[in-house]
Amino acid sequence: MMDITVAEADAYHTLRGNEDWQYFGTDAEKLAALYRASDYIRATYRTATGDDADLLVRESVIRLAPMIDTLAAKREAAAIKTKKESLDGVLAEETTYFDGIADSDPFPDITALLSRVTLGQSNGRGLNIIKVVR
């Protein structure tokens, strides 16, 4: 992980009024979230090298940290195509899922932020699958 401090992340989120980060937890919990966010970005995106890329990766780690623990829930929500509930005497729920859920992006705002510095690999469907390589 880049040398990102909790104080730097605190300042970034304070300037943007992000209360999720303000009440995230202790400094140790925030630092752990920064590491998890960095791990996710390195495993998911492949970026160019250089000052612009480094700055955008750094910002992405800081932005992603308060949301990183929602990854599983975001992937699950992205997989749901439709959900119907029925009250015909018994509460029932019918859920239809998308095919090819592996192609969904749980953090499209991070992908958009890094789009200028990512080195993509096409999967043949017009969606770029990218990974960070260090």
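Quick caveat: nothing in here was measured; it's all calculated off a predicted structure. Below, each value reflects all heavy atoms present in this structure, side chains not excepted, and no hydrogens, waters or symmetry copies.
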[X] side, atom [atom1]; [Y] side, atom [atom2] - distance, nearest 0.5 Å:
X: T14; Y: Q22; atom1: OG1; atom2: CD; result: 6.5 Å
X: I4; Y: E59; atom1: CD1; atom2: CD; result: 10.5 Å
X: L31; Y: R36; atom1: CG; atom2: CZ; result: 10.0 Å

Do the non-hydrogen side-chain atoms of [X] and [Y] ever get within less than 4.5 Å of each other?
X: K30; Y: D10; value: yes
X: P66; Y: Y23; value: no
X: I68; Y: Y35; value: no
X: T49; Y: V117; value: no

* Return yes if some donor-acceptor pair links the side-chain N/O of H13 with the main-chain N/O of I62 below 3.5 Å, else return no. => yes
* Asked: Just by modelled atom types, is the L56 backbone N or O under 3.5 Å from a matching donor or acceptor in the S60 side chain?
  -> yes
Exercise: identify the closest heavy-atom pair between [X] and [Y]:
X: T118; Y: S115; value: OG1-O, 3.4 Å
X: A53; Y: A48; value: CB-O, 3.0 Å
X: V61; Y: I41; value: N-CD1, 3.5 Å
X: W21; Y: A65; value: CZ3-CB, 3.7 Å

* side-chain contact (heavy atoms from CB on, under 4.5 Å) partners for D109, two or more places apart ->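 Result, side-chain contact (heavy atoms from CB on, under 4.5 Å) vs D109: R63, M67, F107.
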* **E19: partners by salt bridge (charged side-chain N to carboxylate O under 4.0 Å, His left out), with sequence neighbours left out** => none
* Salt bridge present between D39 and R42 (N-O < 4.0 angstrom) ->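 R42 and D39: salt-bridged.
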* Asked: With a distance cut-off below 6.0 Å to the six-membered ring centre and an angular limit of 45° from the axis, does R16 pair with Y12 as a cation-pi contact?
  -> yes
* Among V57, D52, D54, the one residue meeting side-chain contact (heavy atoms from CB on, under 4.5 Å) with T47 ->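 Exactly one option meets the side-chain contact (heavy atoms from CB on, under 4.5 Å) with T47, and it is V57.
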